[in-house]
Number of protein chains: 2
Amino acid sequence: MNDDHSPRTLETVTRACRVIEALEELGGAGVTELADHLGLSKSSTHSYLATLREQQFVVKSGDTYELGLEFLYLGTAVRHNHDLYRHGSEEIERLADETGEYVHLMAEQHGLERNVYKVAGENAVGAEYHARKQQRADYLHFSSTGKAVLAQLETGRLERILDQYGLVERTEHTITDRERLYDELQRVRERGYAVNDEEEIQGIRAVGAPVVDSDGTVLGAVSVSGPKSRFDGELFNEELPEAVIGSANVIEANVNMSSATRSL
Amino acid sequence: MNDDHSPRTLETVTRACRVIEALEELGGAGVTELADHLGLSKSSTHSYLATLREQQFVVKSGDTYELGLEFLYLGTAVRHNHDLYRHGSEEIERLADETGEYVHLMAEQHGLERNVYKVAGENAVGAEYHARKQQRADYLHFSSTGKAVLAQLETGRLERILDQYGLVERTEHTITDRERLYDELQRVRERGYAVNDEEEIQGIRAVGAPVVDSDGTVLGAVSVSGPKSRFDGELFNEELPEAVIGSANVIEANVNMSSATRSL
DNA sequence: TTAACCGTTCGCATATCACGAACACTGTTC
DNA sequence: GAACAGTGTTCGTGATATGCGAACGGTTAA
């Protein structure tokens, strides 16, 4: 049950991945700049860039190398193959229409939260929040979707994730105590939805519900988020939870329907 | 002026790229399946997958490996960094509203056409066309955007691209003769826009205009496409060309404005 | 029970990659 | 106008990381 005997990995591939990430972070770079950034020699860095370019993963304009549109292609392909997007995008759009707020569809990968799809409702606010959610990947313990997912994991995996990443404090409201988090997750399981009360960003609240497979594995979670001023009272405690859980259930139904027809 | 002395390239990186592409094509795969597909040994294939997984580029569910959401992140990052998207997305949306048809924003990379952004107008039709445009990358010589771009390239680059890829026939209307293409490109330059008259897909016409930098380099092209039945007469010969050129000009202005302010 | 599949691990031989030094080119500086 | 400090690029070499095959552990089917 333990997948820990770290398998043999290829340094050359690892370095290639770091080159790609660095190009993204820097928004394109020259050979020398990249070499410094990665701690590689200029000549080696050049070889990596030349290879990625030959494979059309990277383009060169003038003397700077950038990630190519191949990544956009791969990204949309990944999204379209993802169960949550295939069976959830329409429902997410509907929910954004209904609530008028920001709606997110997230999945967990490698113990971190990844954005699958997001839609801004008519009254959706929060340029800052929007930008924050643009992050590569983020921790699970301070978002409504993250907590909704964590609450569904078997304790073994939960603990391994917490061990690996810890409970980083993002705002003063972030839960940083392990026992408090366990209590919180218990409440999430009881209520069927999770809440983010300014734990990720000051002034922003969110309500999230997990999307669970028919075999009980979590696929991810749906959330609605908005300003604290608006997210209050009956809306925050009843209407939104109901709406979010409803959407999650619709998506679950779509997923299960499709997997049922697939096995005919 | 010749960049041809093919530089030294890293086989390990090339193979990693092929693994990624194969995972995309197959929509996820097991070790043995991938090894067969790539002509590598099982053990080597495993090492590649293990490395890509460690770098969080790949996820493993059960016994099948799939591309991770990292690619979606990288893809949207690439799009948001792309000049055409930054300064063109709004205009493209406006054009889709105005015409009610399918609108595309494309760029050339490595001599092929890459989709940057697309918006479906209200009456937009063509599921097939839509799917076709989902392609990884396509040739330049049979699309309106592709021809608009080709018409702006210096003859050296143009010839190198044609030498590399040839004039593949996609439909019976595709231009497969070099001289005829040169004539066509000359007309494109004279009129300021390019036409695709069922050269890519039967029954689909399109009008495209290039987006050119202030130093004269092509950034890409805009197009409007739709069914032959509707794309006819005054609309096809005057209104749409005017609209498409207008949009291209707006995007050019945005791009130049931004590069002007940047150099202060 | 056996057999035929998986995915994974490991040792070994060899091909591959990292480095530094040199090159070509550009723009700057004095 | 010449020397210089920056680029990006090429190439030879030695150290080592990688590819392979064989074997292992597991699951499913016969």
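Residue numbers begin at 1 in each chain, while the letters A, B, ... track the order of the sequences.
- Map Val13(A) and Thr64(A) each onto its nearest nucleotide of DNA chain D; the residue landing nearer the 5' end is Thr64(A).
- Within the structure, every side-chain polar atom (N or O) of Thr12(B) is placed at least 4.0 Å from both OP1 and OP2 of dT16(C).
- No more than 12 heavy-atom neighbours from other residues, nucleotides or ligands sit within 6.0 angstrom of CD on Glu90(B).
- We find that CG of Leu49(B) is positioned 12 Å from P of dG19(D), with the value rounded to whole Å.
- Applying the 4.0 Å criterion to OP1 and OP2 of dT7(D), one finds that Tyr65(A) has every side-chain N and O outside that range.
- To the nearest angstrom, P of dG7(C) lies 9 Å from NZ of Lys60(B).
- Straight-line distance from the CG atom of Leu38(B) to the P atom of dT18(D): 17 Å, rounded to whole Å.
- DNA chain D is contacted by both Glu33(A) and Ser41(B); Glu33(A) maps to the nucleotide lying nearer its 5′ end (nearest heavy atom per residue).
- Between Tyr48(A) and dT9(D) there is no side-chain N or O to OP1 or OP2 distance below 4.0 Å.
- Regarding Leu52(B), its CG atom lies at a distance of 15 Å from the C1' atom of dT18(D), rounded to whole Å.
- When only modelled atom types and interatomic distance are considered, Ser247(B) and Glu91(B) share a side-chain donor-acceptor pair under 3.5 Å.
- The shortest distance between side-chain heavy atoms of His141(B) and Glu184(B) does not fall below 4.5 Å.
- A sub-4.0 Å separation between OP1 or OP2 of dC19(C) and a side-chain N or O of Ser44(A) is present.
- Mapping Ser47(B) and Glu11(A) onto DNA chain C by nearest heavy atom places Ser47(B) at the nucleotide closer to the 5' end.
- Residue-to-nucleotide contacts include no donor-acceptor pair under 3.5 Å from the side chain of Ser43(B) to the base of dG19(D).
- Proximity of Leu72(B) to Arg114(A): side-chain heavy atoms (C-beta onward) are nowhere separated by under 4.5 Å.
- Phosphate proximity of dG8(D) to His46(A): absent, as no side-chain N or O sits under 4.0 Å from OP1 or OP2.
- Listed nucleotides dG8(D), dA17(D), dG19(D) differ in distance to Asp63(A); the shortest reach to its side chain belongs to dG8(D).
- The base of dG19(D) sits within donor-acceptor range of the side chain of Arg8(A), with an N or O pair under 3.5 Å.
- Between the CG atom of Leu34(A) and the C1' atom of dT9(D) there is a distance of 15 Å, rounded to whole Å.
- Distance CG (Leu10(B)) to P (dT16(D)): 18 Å, rounded to an integer number of Å.
- Of the candidate nucleotides dG7(C), dT7(D), dC17(C), dG7(C) has the atom nearest to the side chain of Val31(B).
- To the nearest 0.5 Å, atoms CG (Leu219(B)) and OG (Ser61(A)) are separated by 10.5 Å.
- With hydrogens and angles ignored, no donor-acceptor pair closer than 3.5 Å exists between the side chain of Lys42(A) and the base of dG20(C).
- When the nucleotides dT9(D), dC19(C), dT10(D) are ranked by their closest atom to the side chain of Pro7(B), dT10(D) comes out on top.
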